[in-house]
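First comes the structure, then the notes that go with it.
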There are 2 protein chains.
Amino acid sequence: MERASLYEYLSRISRLLMAEERSGREALPAVQMAALHYLNRCNRYSDTPASVADYLAATKGTVSQTLRALENKGLIERHADANDGRVVHLAPTRAGKQLLRAEIPPPAFRAAEAELGNDDRDQLRELLETLLRGMQRSGQISSFGVCRTCSHFRRLGENRFQCGLTEERLTPADSEKICREHAAYATGAND
Amino acid sequence: MERASLYEYLSRISRLLMAEERSGREALPAVQMAALHYLNRCNRYSDTPASVADYLAATKGTVSQTLRALENKGLIERHADANDGRVVHLAPTRAGKQLLRAEIPPPAFRAAEAELGNDDRDQLRELLETLLRGMQRSGQISSFGVCRTCSHFRRLGENRFQCGLTEERLTPADSEKICREHAAYATGAND
DNA sequence: GCTTTTAGTTTCGACTCGAAACTACATAGA
DNA sequence: TCTATGTAGTTTCGAGTCGAAACTAAAAGC
């Protein structure tokens, strides 16, 4: 009773997703969308070209070009770092954020997601997270998770958090952002 | 308790998957892999450039170039159609099939899939299929499913099948292939 | 027979991609 | 302090993706 493999479903969904992103009214190549979306979701230690490269699993050279394209379109801004003259911080402009709200996720995906019940949606999300963490572990890739799901995340009290790595205090808003230093909890499988 | 959205997990997994495909020993761009994989899985009515374009959600112009690249690498072959002088049939060469076996799915994905239990894997597959069908319905995209899951598929007896659309007899091997005329069963949602 | 449709290719310009060379700044060591 | 060595980021190159539009050739419709 073999129908199609997990791999086939995922490749197919990802192709349809990419095609839809490109075809939107204010269309952007899928990589540019992904970079913009990341920059809108990451914390202040993870908004650099190097982080974007890591996140997108691309080289820094490739990412440099993608970021140039986004800047030329007025969708992101660059800011020099105060302490380190080499590093650049990136942030979506107002136009960039607006584009994200309008275009992501694309309509057919939104519709298909809505047709799934709440239970199925949650379950699918959980299974995909497991799969993703597995791939990251096997491929030696940084996990890039949301701060509050990190093993360094500490709860000091009501709405008072701290990062066990940098010892820094975190606001509730901080704790919802994506961090490049994110460490997944061990799952018993490997390591 | 918002962690990451379904969309985020899927984009992220698809980026990692594409990156891994490109980085393999006999690496190929992800689109070329997808085209080659499709041509190895489709039936004799679905092995044309037009079908590949439909399947990949790309234009025929784009696909024409991708197919040229695959042919130049000796991974696919072209055959003229006997009845219609316009149509071209495509098939993976021996080298093409061998490359598929070696490179697909990529190692980190294989590992992550293996870590999932059998139950989780089946469930994930089912949820992804539902999501995919939903996207195809909303986006007016052909479903491109495996023959035996088609609403035109008829069982005549033990190992004897027939296509209700072309009236043609089907072997068990035929029934496992991907068909561009595939029609999904209605699911009660839309139409 | 003539028009329209369909299958496929070609060309264009913007973009992706990795590799490698490069600039500029930071840091460690003698 | 001077000199590696390392790190952040950019540039350039060649192969490839991508859609749009122009194009060829064969079929189908009338």
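Below, read A as the first sequence line, B as the second, and so on, with proteins coming before strands; counting in each chain starts at 1. On a predicted model such as this, the values are computed, not experimentally measured, just so you know. Keep in mind that the numbers below use all heavy atoms, side chains included, and drop hydrogens, waters and symmetry copies.
Of the candidate nucleotides C/dG18, D/dG9, C/dG8, D/dG9 has the atom nearest to the side chain of A/Ala50. Among D/dG16, C/dT16, C/dG8, the nucleotide with an atom closest to any side-chain atom of B/Arg78 is C/dG8. The side chain of B/Arg22 sits closest to C/dG18 out of D/dT17, D/dT10, C/dG18. Taking every side-chain heavy atom of A/Lys60 into account, D/dA8 is the closest of D/dA8, D/dT17, C/dC17.
The side chain of B/Thr59 places no N or O atom within less than 4.0 Å of a non-bridging phosphate oxygen (OP1 or OP2) of D/dC18. A close approach under 4.0 Å does occur between a side-chain nitrogen or oxygen of B/Arg15 and OP1 or OP2 of C/dC17.
In this structure, A/Gln32 contributes its side chain and A/Ala69 its backbone to no donor-acceptor pair below 3.5 Å. Using a distance-only test at 3.5 Å, with no hydrogens or angles considered, no donor-acceptor pair links the side chain of B/Ser64 to the main chain of B/Lys60.
Here the closest non-hydrogen pair linking A/Pro49 and A/Val88 is CD-O, 3.4 Å.
Summarising the geometry, the separation between CG on B/Leu28 and C1' on D/dG16 is reported as 11 Å, rounded to the nearest angstrom. Here the C1' atom of nucleotide C/dT10 and the CD atom of B/Glu71 are 15 Å apart, to the nearest Å. When rounded to the nearest whole Å, the span between CD of A/Glu20 and C1' of D/dG19 equals 16 Å. In this structure, B/Leu56 places its CG atom 8 Å from P of D/dC18, rounding to the nearest Å. Atom CD of B/Gln65 is separated from atom P of C/dC12 by 12 Å (rounded to the nearest Å). Whole-Å rounding puts the A/Asp81 CG to C/dC25 P distance at 13 Å. Nucleotide D/dT17 holds its P atom 10 Å from the CZ atom of B/Arg68, rounded to whole Å. At whole-Å resolution of the value, CG in B/Leu17 and P in C/dC17 are 14 Å apart.
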Which is it for A/Gln136 and A/Arg133 under the side-chain hydrogen bond (donor to acceptor under 3.5 Å, both in side chains) test, yes or no, and what are the steps along the way?
-> CA-CA 5 Å; A/Gln136 288 166 337; A/Arg133 296 288 173 236; 2.8 Å; yes
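Using a 4.0 Å heavy-atom cutoff across all strands shown, A/Asn72 reaches no nucleic acid atom at all. Across all strands shown, B/Asn83 has heavy atoms under 4.0 Å from sugar-phosphate atoms exclusively, and none from any base. Here A/Ser23 lies out of heavy-atom contact (under 4.0 Å) with every strand. Nucleic acid contact for A/Gln32: sugar-phosphate only, since backbone atoms but no base atoms lie under 4.0 Å from a heavy atom of the residue.
With a 4.5 Å cut-off on side-chain heavy atoms, B/Tyr7 and A/Pro106 count as touching. For the pair A/Ile178/A/Ser46, no side-chain contact is recorded, criterion being any heavy-atom separation below 4.5 Å from C-beta on.
Residues of residues 84-105 of chain A that place a heavy atom closer than 4.0 Å to DNA chain C, in numerical order, are A/Asp84, A/Gly85, A/Arg86.
When the nearest nucleotides of DNA chain D are assigned to B/Lys73 and B/Thr62 by heavy-atom distance, the more 5′-ward of the two goes with B/Lys73.
In this model, a donor atom of one side chain and an acceptor atom of the other lie less than 3.5 Å apart for B/Asp174 and B/Thr171.
The aromatic rings of A/Phe153 and A/Phe161 sit tilted, their planes meeting at an angle between 30° and 60°.
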